[in-house]
Amino acid sequence: MADNSGFDALLEALKKSGMNVDKDTFANGGQENQQSSSTSQPSSEEEQPETPFSAFKGGKKGGGKKGSKGPDVPDFDIEIPFKDRLENLTRVGKIVLAVVAVLVLLVAYWWFHPPINLQSEDTWFFIVVVCVVLFLFLSGKGATEGFKSRRGKKDKADAQDTMPSAKSQSAKTYRTLSLVPIAVLVVGALGLLLSQSFFPGNAEKYPTILNTQNLDFAEDIQEVDYSQIPVIDRDTAIVLGNKEMGTIADYVSQFEVDDLYSQINYKGAPVRVSPLNYADLFKWLTNREAGIPAFAVVNMTTQDAEIVRLPEGQGVKYSQSEPLARNIDRYVQLKYPFYMFDEKSFEIDDDGHPWWICPVQKKTIGLFGGVTIDRVVLCDAVTGECQDLAVAEAPQWVDRVYPSELLIKQYNWYGALNNGWINSWLGQQGVVKTTPGVSGQLGYNYIAKDDDVWVYTGVTSATSDSSIIGFVLINQRTQESHFYSIAGATEASAMESAEGQVQNLRYTATFPILINVLNQPTYFMALKDNAGLVKKFAMIDIQRYQNVAVGDTVASCQEQYEVLLASNGVINPAEVDSSSMTTVSGVISRMAQAVIDGNSHFYVTLAGSSEVYDFPLPAMVDIVTYKEGDSIAFTYLKGETINTVQAISGAGATSAADTNAASAMSAAEAAANATADAATNTADSTATNTATNTA
């Protein structure tokens, strides 16, 4: 009995520990115990034994390996969702995590500095990135699996417990929050839709952003002043500026010229200015206290390049090469956090002081459409002092308030949508656009007019043929826009025509600028060699682009071009500058007639000279009254191979040399005539004698 009582007490203790201690199981060698131990599972969480591992939420309780004896052993391959870990954080831990997240967002905002404005694409990009990260966090694998796991356990729990647990409420909250990023993206997509030109009512708004006047070219554009005409482009300015920078030993190892090169009017001359940059991060560390000591200036007319040194202690401290707080983009954006800034430019005022011109965007259609410039912020590049001004309040020395490409875009809105959105796609009646340019870049250039910088570009039809219907000039400071209706060749065609004149030299033409030569709209361009240096100049008649003049200097190119216009009857020869004309008289030794491009020309040489003189008709129609051997006096314009006659003075006085030459020519003609007569007489006499003898 004692033994039985002790054995029963042991069985009772094992039962309380959860083991199956039926006597039949012991009699069968413990197999029944193994089976019942492996198959018996508690029906709820309350029935499971407490173990040290039950504190791990989401871990596996009980259910040891099948066939094992004793109590359930926890599985150490435990998956603990990140969201559950957050739930287990203490209040202090959650506060610390929230502070860290806010600090990360603030650092990201400071570094990327998007404007705090829902109309900014940069802001929306920042928001989208944050929303994507938040969505992945809230609805990621760990969160969803943790929710499903707890949901499954809840289903197996006591069915009578109808009150939602804290865990299920938390999961529902996470699922609700995960919809917030989706809602934000939907709002952004809706705003984008409302900005499109096809949205009802928008097609009437876009053409009104830029108001363009139709003007007469000859009346509005003054004749060119060759002392102020830009003869080089930005690429050549970069070459000249870098070359000049290489001559300054104390700068070249520390700084380099930025490729910005904004074109402005400075003291009545077109120039390009560009700041210097720190050569690298180490150079910035050693020079940041004093700042950048100079900037580059390239005269577009004389091709003179200069590195302008700033006074001691007044170096440029706010620039694009600054990596931290004095970076001009970051500095201005953080100073005006709600402004949306457009393309910035570097300029100097009338005293040569450097400034950053920072245009402020305004979007007038939908959330993102109808971009224009509402204000301008002037930032002193030395001190960082800023002036926030309306566009109309910008001082006269400021030239680039409206970025070039924005003005081109605004005119294209007008050209495409002035007759409605449907017409812009189907009928396309009156649809025009700016010329496409070359090499995939927008085709535009700058001209100086009324002490402002104007963007120039040709205007072509929607079919993109090789001709223009006119061109447009837009003021970069005031947004004033003028259209001139003139049919002619596109800039690309004119460039090819100019390059064809020097194809043996393989020069390339710069993008042309528009000038007025004797009231004729004219393309002017430089011809560069492979090194990017200007070698020749070309002028091309826009309306008749086969009229191409090329010269080694601007003056010689002008003379050749005016001669070409006069010889082709485009202008009256009397309009040509008389200072470049010469008067000559002599005896006509030879005269020939030819038809060139449908126009008749008489080509004359004088006795004792190898020069060829061109008498174009109908301007020089009096030449038909002259013949070889006549004396003549006329005024001509010197050309490279042919001299174009501007006016016939009549039968002028001849010099002794001309008289002798004429006499010699007359004697030679008389001798030739005598020889011919003698030959004729001999032939006649021989024929007569032969006939008589035969008879």
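From a predicted model like this one, the values you see are computed outputs, not experimental measurements.
A donor and an acceptor atom, one from each side chain of Asp388 and Tyr339, are located under 3.5 Å apart. With hydrogens and angles left out, the side-chain atoms of Gln263 and Arg400 include no donor and acceptor closer than 3.5 Å. For the residue pair Thr457 and Tyr411, no side-chain donor N or O sits within less than 3.5 Å of a side-chain acceptor on the partner.
Salt bridge present: Asp233 and Lys528 bring a charged side-chain N and a carboxylate O closer than 4.0 Å. We find that Glu121 and Lys363 are joined by a salt bridge, their nearest charged nitrogen and carboxylate oxygen being less than 4.0 Å apart.
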Legend entry - Chi angles and distances behind the side chain to side chain donor-acceptor pair (under 3.5 Å) call for Glu256, Asn277: CA-CA 5 Å; Glu256 56 188 16; Asn277 288 336; 5.2 Å; no

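Taking the side chain as every heavy atom from C-beta outward, Tyr331 and Arg326 never approach each other to under 4.5 Å. In this structure, the side chains of Thr508 and Glu499 come closer than 4.5 Å at one or more pairs of heavy atoms. Under the 4.5 Å side-chain criterion, counting only non-hydrogen atoms from C-beta, Leu192 is not in contact with Leu367. Proximity of Ser481 to Asn211: side-chain heavy atoms (C-beta onward) are nowhere separated by under 4.5 Å.
Geometrically, Arg330 engages Trp111 in a cation-pi contact defined by less than 6.0 Å to the ring centre and at most 45° from the axis. In this structure, Lys449 forms a cation-pi arrangement with Trp454, its terminal cationic atom sitting closer than 6.0 Å to the ring centre and no more than 45° off the ring axis.
Between the side chain of Thr522 and the main chain of Asp541, no donor-acceptor pair closer than 3.5 Å is present. Under a 3.5 Å cut-off, the side chain of Tyr523 and the backbone N or O of Ala489 do form a donor-acceptor pair.
Separation of the Phe217 and Phe471 ring centroids falls under the 6.0 Å cut-off.
Under the 30°/60° scheme for interplanar angles, the aromatic rings of Tyr206 and Trp413 are found to stand perpendicular. Relative orientation of the Tyr109 and Phe126 rings is perpendicular, given thresholds of 30° and 60° on the angle between their planes. The aromatic rings of Phe255 and Tyr278 lie tilted to each other, with the angle between the two planes from 30° to 60°.
How far CD1 of Ile238 is from CD1 of Ile232: 10.5 Å, rounded to the nearest 0.5 Å.
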